[in-house]
Student: 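Below is the structure I would like to discuss, written out as structure tokens.
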Amino acid sequence: MNATALEKLIPLTCIAMDAPEKEFLHELRKSTASFLFLTKNNKIYAYLNIDEIDNEERFSLDKKMAETKAVPIKNIGECKLGSPMSFAQMFQIMGEHITLVKNDKDEYIGYINRVDALIELFRQENTNTDIFKVILSSIPMGIFIVDSERKIVNCNESGLKMIKSSYEKVMRAKSGDIFNEEHIDTVFSTGETLLNQIHIKDDMGVLVDYSPIRNDNNEVDGLIIIVQDLPMVEEMAMEIEYVRDLNTDLNAILATMYDELLVVNKEGKLLRHSESLIHDFWGVKDIKELEGKNLLEIEKSGVYNPSIVRPVLEKKKKVSIVQETPAGKTVLAVGNPIFNENGEIHRIVIALRDITETTMLKDELRETKRLTRNYKNELEKLKNKNNTYSRQIIYCSSKMEKVMNRIRKLADFDSTVLILGESGVGKELIARSIHSEGNRAHQPYLAVNCGAITEDLLESELFGYTKGAFTGADSKGKVGYFEQANHGVLFLDEVSEIPPRLQVKLLRVLQEKEVTPVGSTKAIPIDVQIIAATNRNLEKMVEEGSFREDLFYRINVIPIQVPPLRERPEDIPLLAFHFIQQLNDKYKKNYHLSPDAVTLLEVYDWPGNIRELQNQIERLVVTADDDVISADFVAHSLKFGPMKRTKPMVTGILPMHEAKEHLEEQLILLAMKQYKTTTKAAQVLQISQSAVSRKYQKILKKQTNNPDS
């Protein structure tokens with residue numbers, strides 16, 4: 001240590017431990033030094049760090065307490081004027097608050113604090129100080145030491161590389177010229193540490209921490225600047241983001257699973273769980289209340305019995321048990337142990353499934369099968385050949401049930417029927433059902449499409465004509481549809497397309513119950529039940545003058561409105577399976593629709609109704625590469641229109657929570673129909689992907705359990 005260190009030298013304040021207690025306490029009370037050195041027989045053997053003793057203890061300090069708090073002098077590093085420090089001395093300097101200084105006579109002349117000793121150490125140029133420089137340079141982060149004059153007095157190689165500079169340019173340079181001067185001033189003035197400060201210049205980009213170095217008077221005597229390269233920090237941030245994304249994906253996967261999943265440690269403590277929750281099983285409103293608690297202890301409280309954790313720990317293999325709760329729930333629990341590299345149980349993954357309803361359903365299913373067999377036998381007795389077309393109407397919706405109930409009520413009447421509905425809803429099949437269910441089932445049934453025949457030809461087809469009635473007429477004449485359908489049913493499809501001139505003749509037939517063939521003046525009495533159908537708005541046509549008002553009232557005796565397919569989505573799966581089975585039987589194939597594919601069919605608008613659905617199923621079967629037709633394959637075939645931002649329309653009063661549920665269901669179904677995946681739907685709805693997935697699965701389950709809802 002050279003003479004410059006004498007400037008920082010602090011004299012020793014000694015107290016004799018072999019002096020009387022009173023004298024010892026007097027010297028102790030009057031001393032203002034931070035370090036007191038204890039002597040025996042005039043030799044220093046220990047020291048007290050007064051700053052580390054709180055005020056209350058300081059006033060009650062006596063010899064006995066001083067002995068317990070004293071630090072042996074052998075623990076303190078020593079240095080000698082004019083002599084270099086040894087390797088061991090340097091580590092002692094770093095380990096203690098002070099370093100003792102001796103003169104040439106090997107006598108203690110004072111001490112210097114650790115910071116001053118280290119500064120003196122780094123001023124020396126020897127092998128030992130080189131070791132410290134090697135240690136400093138091996139630290140991956142950049143380190144810069146700033147003195148009280150705010151100049152850089154030391155640094156490591158990593159720091160120089162990060163700021164793209166050299167040792168010669170940095171040493172003794174003003175720290176504010178390289179780093180943020182405002183931040184440096186703040187640390188010197190406040191003594192507070194500044195962390196994670198981004199510092200970017202043209203030639204560098206680093207993340208900087210500024211930490212104060214304090215002297216014995218607790219004053220800021222310098223700075224330590226720690227630097228991290230931004231690319232490294234960015235790489236760490238990206239890795240953290242990747243892990244966060246993985247965690248998000250895992251949570252989303254767990255949220256979509258049917259089972260409730262738990263992860264516990266080898267002691268049975270609950271670490272994490274999925275969002276799915278079996279209600280009334282744990283005895284708490286939110287399973288988060290059980291995080292960190294031991295499931296074995298919960299078992300003892302009687303919430304459920306037995307616990308799956310215990311047998312897994314005992315058998316050290318996968319275990320399945322049925323757990324019963326006081327609330328009467330039956331839960332299937334499956335525990336799967338996860339072992340560490342030593343073959344010991346590290347974690348237990350538990351899957352819970354509420355099988356209360358399943359158990360009840362099994363009993364109900366047995367009874368249902370028995371009743372079904374009885375009903376089937378009864379139905380076979382009631383079936384007859386006249387209800388062929390009624391059986392072809394595939395439905396399960398309440399709207400179609402109302403239509404079929406009206407058809408059954410018409411069985412004993414011959415009233416004129418007007419079937420209304422969009423193109424492709426099956427109006428002709430409804431007409432055939434009215435015929436087959438009615439009292440004219442054994443009489444003729446004829447159908448004519450009024451929009452597919454020209455006016456002149458339509459007249460002769462409907463009313464017939466006599467011999468030589470017009471040029472090109474059959475020499476024998478022709479019997480019209482009305483006469484052919486006598487005592488039976490005549491179906492006039494697209495009745496709205498009948499020209500005005502023929503509307504008059506049709507009105508007479510309905511009024512007078514007689515028909516006059518073209519070219520004849522003799523009326524022929526007829527007894528025909530008229531069933532008309534149209535996909536147009538006849539009332540509007542009456543207002544516009546294109547359809548006779550009196551004829552409208554004549555054919556609109558019993559109106560039957562057939563709902564479009566989009567208003568009865570619960571019928572879509574039945575129709576789809578019916579059509580695909582027909583094709584399988586016809587072509588000896590075995591095609592099936594996946595559950596997701598059926599769901600996609602349900603949310604489609606079907607502007608062409610049943611006819612479009614039938615054609616679509618045939619297209620899928622013909623073009624499919626696999627027996628199982630997937631949702632993706634269906635999506636490529638269907639044409640979904642753009643999403644429309646329309647305000648929801650309320651048409652009736654219902655409880656607020658029900659209204660919210662209905663609106664939420666519609667939004668999720670529309671989003672899934674448009675965007676196919678829960679991820680894209682979540683982006684549009686601006687909620688989490690896991691929430692969309694969970695709610696969508698709930699909607700599908702609800703539709704399956706309650707097809708009329």
Side-chain angles (χ1 to χ4, degrees), residues 361 364-365 368-369 371-373 375-376 379-380 383 387-404 407 421-430 432-433 562-640 669 672-673 676 696-697 699-709:
L361 287 175
E364 293 178 6
L365 182 60
T368 301
K369 286 182 177 179
L371 293 174
T372 300
R373 285 194 298 268
Y375 289 144
K376 186 176 181 181
L379 288 173
E380 288 296 330
K383 285 181 180 179
N387 63 0
T388 303
Y389 293 105
S390 296
R391 292 204 308 269
Q392 290 182 4
I393 300 178
I394 310 298
Y395 70 95
C396 68
S397 63
S398 58
K399 290 187 176 181
M400 279 305 297
E401 181 63 32
K402 292 179 181 178
V403 172
M404 296 308 295
I407 291 174
E422 297 178 4
S423 178
V425 295
K427 295 188 290 293
E428 182 171 359
L429 199 57
I430 296 293
R432 288 183 178 274
S433 296
V562 184
L565 199 54
R566 63 180 172 275
E567 293 182 7
R568 47 188 179 108
E570 55 268 47
D571 290 341
I572 294 174
L574 291 177
L575 290 164
F577 284 123
H578 172 70
F579 293 141
I580 205 169
Q581 190 58 46
Q582 282 185 334
L583 294 169
N584 284 337
D585 294 341
K586 181 178 180 180
Y587 297 110
K588 310 299 180 187
K589 301 293 184 180
N590 190 32
Y591 287 102
H592 298 282
L593 291 165
S594 71
D596 289 342
V598 175
T599 301
L600 205 56
L601 294 176
E602 285 183 293
V603 297
Y604 184 61
D605 279 341
W606 298 111
N609 293 292
I610 298 175
R611 186 182 297 115
E612 182 186 4
L613 174 61
Q614 185 174 11
N615 294 339
Q616 186 64 244
I617 293 296
E618 184 171 356
R619 183 182 302 121
L620 293 172
V621 168
V622 172
T623 57
D625 295 326
D626 301 317
D627 287 348
V628 178
I629 299 173
S630 66
D632 288 340
F633 192 70
V634 172
H636 284 92
S637 183
L638 297 178
K639 296 180 179 178
F640 288 94
L669 287 175
M672 288 300 297
K673 179 179 72 172
K676 313 297 187 298
Y696 185 52
Q697 293 296 327
I699 294 170
L700 297 183
K701 183 178 180 181
K702 178 181 177 183
Q703 291 179 345
T704 302
N705 294 336
N706 303 289
D708 291 335
S709 62

Student: Side chain of N609, backbone of L565: donor and acceptor closer than 3.5 Å?
Tutor: yes

Student: Is V634 close to V598 at the side-chain level, that is, under 4.5 Å between some pair of heavy atoms?
Tutor: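 Answer no - side chains too far apart.
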
Student: Go through the steps to decide whether I610 and L429 satisfy the test side chain to side chain contact (heavy atoms under 4.5 Å, CB included), and finish with yes or no.
Tutor: CA-CA 11 Å; I610 298 175; L429 199 57; over 6 Å; no

Student: Can you name the closest pair of heavy atoms from K427 and G421 and give their distance?
Tutor: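 What the structure gives for the nearest pair is NZ-O, 3.2 Å.
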
Student: When rounded to the nearest 0.5 angstrom, what distance separates NZ in K402 from CD1 in I407?
Tutor: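 So the NZ of K402 and the CD1 of I407 are separated by 15.0 Å.
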
Student: For residues E570 and S398, report the shortest heavy-atom separation together with the two atoms involved.
Tutor: OE2-N, 4.4 Å

Student: Closest heavy-atom contact between E612 and G608?
Tutor: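 Closest heavy-atom pair between E612 and G608: OE1-N, 2.6 Å.
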
Student: Carefully, step by step, assess I430 and V425 under the rule side chain to side chain contact (heavy atoms under 4.5 Å, CB included).
Tutor: CA-CA 9 Å; I430 296 293; V425 295; over 6 Å; no

Student: Yes or no on side chain to side chain contact (heavy atoms under 4.5 Å, CB included) for V403 and I393, after CA distance, side-chain angles and deciding distance?
Tutor: CA-CA 11 Å; V403 172; I393 300 178; over 6 Å; no

Student: Report the distance from atom CG of L575 to atom CD1 of I580, rounding to the nearest 0.5 Å.
Tutor: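 The CG atom of L575 sits 13.0 Å away from the CD1 atom of I580.
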
Student: Hey, could you give me the CZ/CD distance between R568 and E401, rounded to the nearest 0.5 Å?
Tutor: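 Here the rounded value is 12.0 Å.
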
Student: Please report the interatomic distance OG(S630) to NE2(H592), rounded to the nearest 0.5 Å.
Tutor: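 Output value for this atom pair is 14.5 Å.
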
Student: Quick one: are H578 and L574 in side-chain contact, heavy atoms under 4.5 Å?
Tutor: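 No, side chains not in contact.
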
Student: Heavy-atom distance under 4.5 Å between the side chains of I394 and F577, does that happen here?
Tutor: no

Student: Verify, without hydrogens or angle tests, whether D627 (side chain) and Y591 (backbone) share a donor-acceptor contact under 3.5 angstrom.
Tutor: no

Student: Tell me whether E618 is salt-bridged to K586, with the criterion being a basic N under 4.0 Å from an acidic carboxylate O.
Tutor: no

Student: Please check: side-chain N/O of K399 versus main-chain N/O of V562, any donor-acceptor pairing under 3.5 Å?
Tutor: no

Student: Under the ring pair (Phe, Tyr, Trp, His ring centres under 6.0 Å) definition, can you give me all pairs with a residue in residues 605-636, not counting sequence neighbours?
Tutor: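 Counting only pairs at least two positions apart or across chains, the ring pair (Phe, Tyr, Trp, His ring centres under 6.0 Å) contacts touching residues 605-636 are Y604-W606.
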
Student: Do L593 and I617 make a side-chain contact, defined as non-hydrogen atoms from C-beta onward lying under 4.5 Å apart?
Tutor: yes

Student: Return the CZ to CG distance between R566 and D571, rounded to the nearest 0.5 Å.
Tutor: 14.0 Å

Student: Hey, could you give me the CG/CG distance between L638 and L613, rounded to the nearest 0.5 Å?
Tutor: 9.5 Å

Student: As a quick check of understanding, evaluate side chain to side chain contact (heavy atoms under 4.5 Å, CB included) for I629 and S594, giving each step before the final call.
Tutor: CA-CA 6 Å; I629 299 173; S594 71; over 6 Å; no

Student: side-chain hydrogen bond (donor to acceptor under 3.5 Å, both in side chains), that's the test. Do Q614 and R611 meet it? Break it down for me.
Tutor: CA-CA 5 Å; Q614 185 174 11; R611 186 182 297 115; over 6 Å; no

Student: With a 3.5 Å distance limit and no angle check, can you tell me whether K589 reaches the backbone of L583 through a side-chain donor-acceptor pair?
Tutor: no

